[in-house]
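For reference, the structure is listed below as structure tokens.
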Amino acid sequence: MTYDIAALRSHFPALAAGTAHFDGPGGTQTPEPVIRAVADALAQPLSNRGRITLGERNAEGIVSGARRAMADLLAADPAGIVFGRSATQLTYDFSRTLARTWSPGDEVVVTRLDHDANIRPWIQSGATVRWAEFDPGTGELTVDAIRAVLSRRTRLVAVTAASNLIGTRPDIPAIARAAHEAGALVYVDGVHHAAHSLVDLEALGADFFVCSPYKFLGPHHGVLAARPELLETLRPDKLLPSTDAVPERFELGTLPYEFLAGTAAAVDFLAERLDATATGSRRERLAAGFAALEAHEHVLRARIDEGLAALDGVTVHSRAADRTPTVLLTFERHSTADAYAFLAERGVQAPAGSFYAVEASRHLGLGDSGGLRVGLAPYNDLEDVDRLLTGLTDFLKG
């Protein structure tokens, strides 16, 4: 297992600007092969999908290639890969579709830990809502917290695989087992999780798993994975002439072919560049690459944790035993918005806010303001970390 950070960074044109990016949880920088794939898709003939003209065949090849790539990334069936404008849009679409199968008094479970994109669509679906709480002291969301709000009327549990605010990774397989025992489906927000850990849809126990390629080096759009046989049972709104085939029945209008080409290129980049020595199938190379990435991020996170512990007046709200390399900070005598601006002037990008995880921010006692979020991405190195810690040290002296 090898992780050549210098070689990897050389593929990111944006890094030449000199900024140390800790804003990966909000969206990563883009490697040159992904940029090239988007441009190449637009430079060749493109038409609505089909098999007669070159433009039609190009479009068909891009879509099928992107489905296979995402299926390899998520250990899913390509026939269960649905593309949408964003994870938020996909969740709204599926909440409305699933709600049609529910009766008055049926319940959904949502959690305080989640991004609002996996809360508000379910609240607005019309079902009775039950809240699962996480422990604000530890950041942990336990399976017992989920079990406490399950009932015979629970139809769906919506839960994050990793908090985009504080990094907590709940035990999704255990939560899924509890939900399934109660007869409920499980809708997993994997947007933050998929950027740091290799996903296995079946191992997680997720019935639906949604993620966003721009969080793992790809373009801006959303992806949902589910079993094709489950998708066959759902009847979304669609135009009369549009296909009723799965997964296309869930995809509204013409797909963004250039972004799908970029997504396939992002998956290939992860398979080829995180561990350049890896061999085997794309899935096997992804597994080796994510193992190398997690080891690299562990070293950087340890340096961040050690550096923050040496600073006075800093509260770290990311405390779960299992968490992504994402740290939320607040300061005793300083504004996090001021810290954000101070660091930005010094070429360190670490934004402040609640990042749409408003329920989690409020549950932590931070209101809607949240904190300063430091999140790692594959291209971060020790020099970035040292610049961050130096910047925070200088800020706290003011």
Side-chain angles (χ1 to χ4, degrees), residues 37-38 40-42 44-101 117 121 125 156 185-191 194 199 201-202 206-214 216 218-268 282:
V38 172
D40 287 349
L42 292 171
Q44 66 182 328
L46 276 179
S47 305
N48 288 326
R49 293 163 61 190
R51 301 190 181 278
I52 297 176
T53 70
L54 176 59
E56 291 172 348
R57 294 194 299 274
N58 285 342
E60 190 68 44
I62 287 171
V63 174
S64 61
R67 290 202 208 281
R68 290 194 301 272
M70 287 305 305
D72 283 347
L73 183 68
L74 305 179
D77 188 326
I81 299 293
V82 179
F83 296 119
R85 183 172 61 83
S86 65
T88 301
Q89 174 251 307
L90 285 166
T91 304
Y92 263 114
D93 286 351
F94 273 81
S95 70
R96 287 188 288 262
T97 300
L98 285 162
R100 291 199 191 104
T101 70
S125 71
L156 181 133
L185 294 169
V186 179
Y187 192 100
V188 174
D189 177 351
V191 171
V199 175
L201 191 67
E202 183 176 353
D207 297 295
F208 305 95
F209 183 96
V210 68
C211 61
S212 301
Y214 74 98
F216 49 83
H220 286 71
H221 69 99
V223 179
L224 180 140
R227 300 184 308 279
E229 57 271 25
L230 175 57
L231 295 178
E232 290 282 2
T233 67
L234 301 178
R235 313 301 306 184
D237 288 331
K238 57 177 284 297
L239 302 181
L240 182 62
S242 62
T243 180
D244 198 40
V246 167
E248 286 87 350
R249 74 167 65 151
F250 299 94
E251 295 169 340
L252 306 181
T254 302
L255 291 171
Y257 302 130
E258 66 276 17
F259 284 178
L260 299 190
T263 293
V267 174
D268 283 336
R282 180 161 56 188

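Note that the structure is predicted; figures quoted are calculated from it, not measured.
Of all heavy-atom pairs spanning Val188 and Ala206, the tightest one is CG2-CB, 3.6 Å. Annotation for Ala76 and Ile81: closest pair CB-CD1, 4.2 Å, computed over non-hydrogen atoms. Shortest non-hydrogen contact noted between Ala69 and Ala264 is CB-CA, 3.9 Å. Here the closest non-hydrogen pair linking Ala261 and Ile62 is N-CG2, 3.6 Å. Pairing each heavy atom of Ser125 with each of Ala99, the nearest pair is O-CB, 3.7 Å. Nearest heavy atom pair, residue Arg49 against residue Ala59, reads CG-CB, 3.9 Å.
When atom types are taken as modelled, the side chain of Ser95 and the backbone of Tyr92 share a donor-acceptor pair closer than 3.5 angstrom. Of the possible polar contacts, one joining the Asp207 side chain to the Val186 backbone as a donor-acceptor pair under 3.5 Å is found.
Considering CG of Leu255 and CZ of Arg67, their distance stands at 6.5 Å, rounded to 0.5 Å. Atom OG1 of Thr263 is separated from atom CD of Glu258 by 10.5 Å, given to the nearest 0.5 angstrom. If you take CZ on Arg249 and CZ on Arg235, they are separated by 4.0 Å, rounding to the nearest 0.5 Å. Note that CG of Asn58 and CD of Gln44 are 4.0 Å apart. Values are rounded to the nearest 0.5 Å. Note: Ser242 OG to Asp237 CG = 10.5 Å, rounded to the nearest 0.5 Å. To the nearest 0.5 Å, the span separating CG on Leu260 from OG on Ser64 amounts to 10.0 Å.
With a 6.0 Å radius and a threshold of 12 heavy atoms from other residues, nucleotides or ligands, Arg57 has its CZ atom above the threshold.
Proximity of Phe208 to Leu230: side-chain heavy atoms (C-beta onward) are separated by under 4.5 Å at one or more points. Residues Glu248 and Glu251 meet the side-chain proximity criterion, which asks for heavy atoms closer than 4.5 Å. Two residues are said to be in side-chain contact when any heavy atoms from C-beta on lie closer than 4.5 Å; Phe250 and Leu224 fail this criterion. With a 4.5 Å cut-off on side-chain heavy atoms, Tyr257 and Asn48 count as touching. In this structure, the side chains of Met70 and Cys211 come closer than 4.5 Å at one or more pairs of heavy atoms.
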Can you check side-chain contact (heavy atoms from CB on, under 4.5 Å) on Leu73 and Phe216, steps first, answer last? CA-CA 11 Å; Leu73 183 68; Phe216 49 83; 3.7 Å; yes
Run the side-chain contact (heavy atoms from CB on, under 4.5 Å) check on Leu98 and Leu234 step by step: do they pass? CA-CA 7 Å; Leu98 285 162; Leu234 301 178; 3.7 Å; yes
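Side-chain contact of Asp93 with Gln89: a donor-acceptor pair under 3.5 Å is present, judged by distance alone.
No salt bridge links Asp77 with Arg227; every basic N to acidic carboxylate O contact stays at or beyond 4.0 Å.
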